[in-house]
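Here is the naming used below: chain letters follow the sequence lines, and residue numbers restart at 1 for every chain.
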There are 2 protein chains.
Amino acid sequence: MRELVYGVLDKNRKALSLYEIEQQFDNVDRSTIFRTLKTFQDNLLIHSVDDGSGAVKYALCDDDCTCSLDDLHYHFLCTKCGQTHCLKNIPIPAVDLPEGFNFENANFVIKGTCPNCQG
Amino acid sequence: MRELVYGVLDKNRKALSLYEIEQQFDNVDRSTIFRTLKTFQDNLLIHSVDDGSGAVKYALCDDDCTCSLDDLHYHFLCTKCGQTHCLKNIPIPAVDLPEGFNFENANFVIKGTCPNCQG
DNA sequence: AATTACGTGCAACAGTATTGCAAAGTTATC
DNA sequence: GATAACTTTGCAATACTGTTGCACGTAATT
């Protein structure tokens, strides 16, 4: 199962929701996939994004990804097709937080239309 | 009711979830507050943030806020106390999107510890 | 007074996430 | 090879947030 789920994420190259992953199988229970994804996350194979679409999405980490530390990148949610892309090539600028605030992690989601949905 | 809900948001000066607002009243229904917040949002009095905590939070807009247009700002979610602060003084840098991607909106949430939770 | 519009509470429902439990499968151990 | 120990899976149930339908009550309007 883990290999199959990994395969789906690898094939799609974008962030998928639990439901979307479930759709790609015929007879696999949500909970199984859910737990598989959780395992992946615990082992830093994938990262999750809450893009505001209502469902958390999951995407593969890069080989050298250390997720919570420095794999920060923008995510792009297309408001037309609903797909979420990882914009790994765009660096996230350092944020100058006010005194007393301590940076741990960040979630930067940009919304708009993706190349497939221009018209 | 609208005055009361507005008062709560004004007093707290941070983003509150529907549930948190509900807690500040004794006998007011979720749906009433929900609809009140929706009304506020339709009239651009408040903006909503999905900080990834599972619940959407709501905060007052500034007087000159035009929300969906240029009131973009960072939000800070404290991983200890769960409070969400608006970091209105920090400008959001322009993001250089790849060809074909069209910017409409953004949601930038930073996680960490807030001044109240340092130790 | 009759009509209309609006606000509220209750209850129900939707969608996603999550967990308990038992069955099925797998691996280790003797 | 049999048994025990552990893992994985499916089903069902539950939690939580958000959302809507409906009925009732109140206030404004004619």
| In whole Å, what is the span from the CD atom of B/Gln23 to the P atom of D/dC16? | 12 Å

| message | For the OH atom on B/Tyr19, are there more than 12 heavy atoms of other groups (residues, nucleotides or ligands in this structure) within a distance under 6.0 Å? | response | no

| task | Find the distance B/Asp42:CG to D/dT19:P and express it as a whole number of Å. | result | 12 Å

| said: Does A/Phe34 reach a base, just sugar-phosphate, or nothing at all? Heavy atoms under 4.0 Å. | reply: base

| CG of A/Asp50 versus P of D/dG18: gap in Å, rounded? | 12 Å

| request: Assess whether atom CZ of B/Phe103 is packed by more than 12 heavy atoms of other residues, nucleotides or ligands within 6.0 Å. | output: yes

| request: Would you check if A/Asp51 and A/Asn107 make a side-chain contact, meaning some heavy-atom pair closer than 4.5 Å? | output: no

| query | Between C/dC6 atom C1' and B/Lys38 atom NZ, what is the distance in whole Å? | reply | 16 Å

Taking N or O atoms only and anything under 3.5 Å, show me the protein contacts with nucleotides 6-15 of chain D, one pair per line.
residue: D/dT8; atom: OP1; partner: A/Arg2; partner atom: NH1; Å: 3.2
residue: D/dT8; atom: OP1; partner: A/Arg2; partner atom: NH2; Å: 2.7
residue: D/dT8; atom: OP2; partner: A/Arg2; partner atom: NH2; Å: 3.3
residue: D/dG10; atom: OP1; partner: A/Asn27; partner atom: O; Å: 3.2
residue: D/dG10; atom: OP2; partner: A/Asp29; partner atom: N; Å: 3.3
residue: D/dG10; atom: OP2; partner: A/Thr32; partner atom: OG1; Å: 2.6
residue: D/dG10; atom: N7; partner: A/Arg35; partner atom: NH2; Å: 3.4
residue: D/dG10; atom: O6; partner: A/Arg35; partner atom: NH2; Å: 2.8
residue: D/dC11; atom: N4; partner: A/Ser31; partner atom: OG; Å: 3.2

| query | How long is the line joining OH of A/Tyr58 and C1' of C/dT18, in whole Å? | reply | 10 Å

| message | Any non-hydrogen side-chain atom of A/Gln24 less than 4.5 Å from a side-chain atom of A/Asn12? | response | yes

| message | Strictly below 4.0 Å: does A/Lys57 bring a side-chain N or O up to OP1 or OP2 of C/dT16? | response | no

| request: Answer yes or no: is there a donor N or O on one side and an acceptor on the other, between the side chain of B/Asp10 and the main chain of B/Tyr6, under 3.5 Å? | output: no

| query | Between C/dG7 atom P and B/Glu3 atom CD, what is the distance in whole Å? | reply | 13 Å

| said: Contact between B/Lys14 and B/Lys57 at the side-chain level, heavy atoms closer than 4.5 Å - yes or no? | reply: no

| query | Could you state the CG-C1' distance from A/Leu16 to C/dA17, rounded to the nearest angstrom? | reply | 17 Å

